[in-house]
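The structure appears below as structure tokens.
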Amino acid sequence: MAEIARKVFSKPKSMKDKPFHFCPGCHHGIVHRLVGEAIDTLGIREKTIGVASVGCSVFLYDYFDVDVLEAPHGRAPAEATAIKRVLPDSVVFIYQGDGDLAAIGTAEIIHAANRGENFTVIFINNANYGMTGGQMAPTTLLGMKTATSPYGRDFRREGYPIKMSEIIAQLEGSAFVARGAVNKPANLNKTKKYILKAFEYQIKGMGFSFVEVLSACPTDWGMTPVEACEFIEREMIPYYPLGILKEKKVPDHL
Amino acid sequence: MEEKKIFEKGNIAIAMAAIAAGCKYYFGYPITPQSDIPEYLSRELPRVGGVFLQSESEVAAINMLLGAAATGARVMTSSSGPGISLMQEGISYMAGDELPAVIVNVSRSGPGLGGISPSQGDYFQATRGGGHGDYRTMVLAPHSVQEMWDFTIMAFDLADKYRNPVIILADGMLGQMKEPFVTRMPEPIPYPPKDSWALTGAKGRPGRVIKSLYLGHLELEKHVWKLNEKYERMKKEDTRWEEYMLDDPEIVVVAFGSAARIAKTAVKVARQEGYRVGLLRPITLFPYPYKRIRELSEKVEKFLTVELNAGQMVEDVMIGVGARSKVYFYGRPNGVGSLPTPEEIYNEIIKTLKNEKVPVNEF
Ligand SMILES: Cc1ncc(C[n+]2csc(CCOP(=O)(O)OP(=O)(O)O)c2C)c(N)n1
Ligand code: SF4
């Protein structure tokens, strides 16, 4: 009997007991949870400050029981830079979508990475603008139809899908860069490790840590949750390969 | 702090005053005619344990300001013309977030790239909110290097008092000219503690949020009215202006900042010659001294507004005056060689007195 009553699953302590507003099959909720688990594992709830971006994840503060600042669209790396500079002992993370980080906020993320700002970035690549109704993002795959690329993305018109992790990794200032996915348990477990490691890098003062997560947006992709996971496996991962792209062994200031 | 008399540029006075006011954080991007401010602070802030960071753009600078302000720290940025335009989205967020910070606009001439000469063309932008949505920022307009110092210190207190961005609207003339000034501490303005809202990590308390998004039923309206209450309080408690030779005037010159500085000489000369002329100089451009203008308009028939633009503050003078008096305008919209001399303003005063000018409020 005791065995049956054993609790095997609960929300991370750093998260509020509130149901997610995300669409069914959306991966934002899974990644939120992975962030919450990392905060719990490292015991850093009381010094963590999150910066939410504008996109489907804008309600970060509804789900995390940590201090949260809402940044304008694309600018979270600037807010995080200042927070971490003012409060160097805090643990700062930002959570951005691909419209936010790879389009309107390209300058801010590149320069924060290049300065080696010591905070953690969770970057959700769902290949479109979820919140505004599924328009094309810089990460939209070639041929992919979106609300603003109804004929399918064509490199002659819209250019190529941008590989942010590769760009960030080649900047001298970045310390840890990885790309994961949560479309199946094996990928999820690796992504969980990447996120934990990214926070550990920050705590050790190693510098800029960045985790990209390939995420499903079944609603705007017009797929079922299962089809969306398969789409990530079949279409996204071959173009956006998973794994650790960079891990510095010693911080630059040593 | 020991009071000293210093001979320096207005920009340096602002930078020094920021440190004296306890500001340890500065984020900004170079632009003429204000670059002395970041240059000075890049040297001096590290010496007081502060942070100077040259951002990649003014967009980034204002968002860094937002982030630092959210921790409760005193923080400042400075820019001019195009840079201030780029900051407007962030300023709107900060007003919505109720975050205090000081934003210095050592304004230059526009529109577009315009030029680097002194101008007051940013009056509307500064006093009407500037960015999107229903908000105001407090605006202080110095007219001397001493006031660049004084108002910077005041601006930090006022920002904290109202939890709102405060703009110092100076211009290239005030920023670049050298004058003696005293490093005095003005009367402190009390402000509430920040520990009830600042984001510092949720130690021993639930997490808190600083945001401007309100999607619930009636939520945003409530929030906007709450902001508005602060603007009403600013009007009651912190409207400031200076009166110069204003006894029994036949004509009132209204001017702020550099224009007021030049107009003062013109008014003085006209007085010496026996003309009953005085100057009203708004110090806070928001809140604006409408009430004082209204009072004066009950006795005075003529108001001459002098501005370094094509006519912006004159609209506020018209609001204050209503239908009681005649409003005249003399403007010199920016550009090299366009700064009026005291003689030119003197001539406008005389022309107005002799009914040789057409009032702008007779439609
Ligand atoms: C300056 C500005 N431009 C545009 C918008 C509208 N907008 C809100 S969210 C968004 C895109 C969000 O997409 P993404 O960052 O990919 O996040 P997702 O919703 O997919 O998680 C846009 C364009 C805005 N809020 N602000
Ligand atoms: S629109 Fe897409 S990204 Fe947004 S919540 Fe729904 S599934 Fe998730």
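In what follows, chains carry the letters A, B, and so on, assigned in the order in which the sequence lines appear, proteins first and then strands, with residues in each chain numbered from 1.
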Report which part of [X] has an atom under 4.5 Å of a heavy atom belonging to chain B: side chain, backbone, both, or neither.
| X | answer |
| --- | --- |
| T81(A) | side chain |
| V66(A) | backbone |
| V58(A) | side chain |
| L69(A) | both |

Pair [X] + [Y]: basic N to acidic O under 4.0 Å:
| X | Y | answer |
| --- | --- | --- |
| K226(B) | E229(B) | no |
| R33(A) | D40(A) | no |
| D89(A) | K47(A) | no |
| R43(B) | E39(B) | no |

Open item on the list: With a 6.0 Å cut-off on the ring centroids, do H32(A) and F64(A) count as close?
Closed with: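 Ring-ring flag for H32(A)/F64(A): true, centres closer than 6.0 Å.
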Open item on the list: Quick check: F119(A) with F208(A) (ring centres under 6.0 Å apart)?
Closed with: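 Ring centroids of F208(A) and F119(A) are less than 6.0 Å from each other.
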TODO: Could you list which of residues 60-72 of chain B have a heavy atom closer than 4.5 Å to any heavy atom of chain A, in residue-number order?
DONE: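 Within residues 60-72 of chain B, the residues under 4.5 Å from chain A are A60(B), N63(B), M64(B), L66(B), G67(B), A68(B), A70(B), T71(B).
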Open item on the list: Treating E70(A) as the side-chain partner and S212(B) as the backbone partner, does any N or O pair qualify as donor plus acceptor under 3.5 Å?
Closed with: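 Answer holds: yes.
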TODO: Name the option with the most non-hydrogen atom pairs under 4.5 Å to chain B; the candidates are A52(A), A112(A), A82(A).
DONE: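 The candidate making the most pairs under 4.5 Å is A82(A).
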Task: Contact leader toward chain B among G50(A), P77(A), P72(A), where contacts are heavy-atom pairs under 4.5 Å - done: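 Of the options given, most contacts go to P72(A).
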Open item on the list: Quick one, E158(A) and T140(A) - any side-chain contact, counting heavy atoms below 4.5 Å?
Closed with: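 No, their side chains stay 4.5 Å or more apart.
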TODO: Return the orientation label for the Y63(A) and H21(A) ring planes: parallel under 30°, perpendicular over 60°, tilted otherwise.
DONE: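 If you compare the ring of Y63(A) with that of H21(A), the planes turn out parallel.
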Task: Engaged part of V209(B) at the chain A interface, taking heavy atoms whose separation is under 4.5 Å - done: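 Answer is both: backbone and side chain atoms of V209(B) are under 4.5 Å from chain A.
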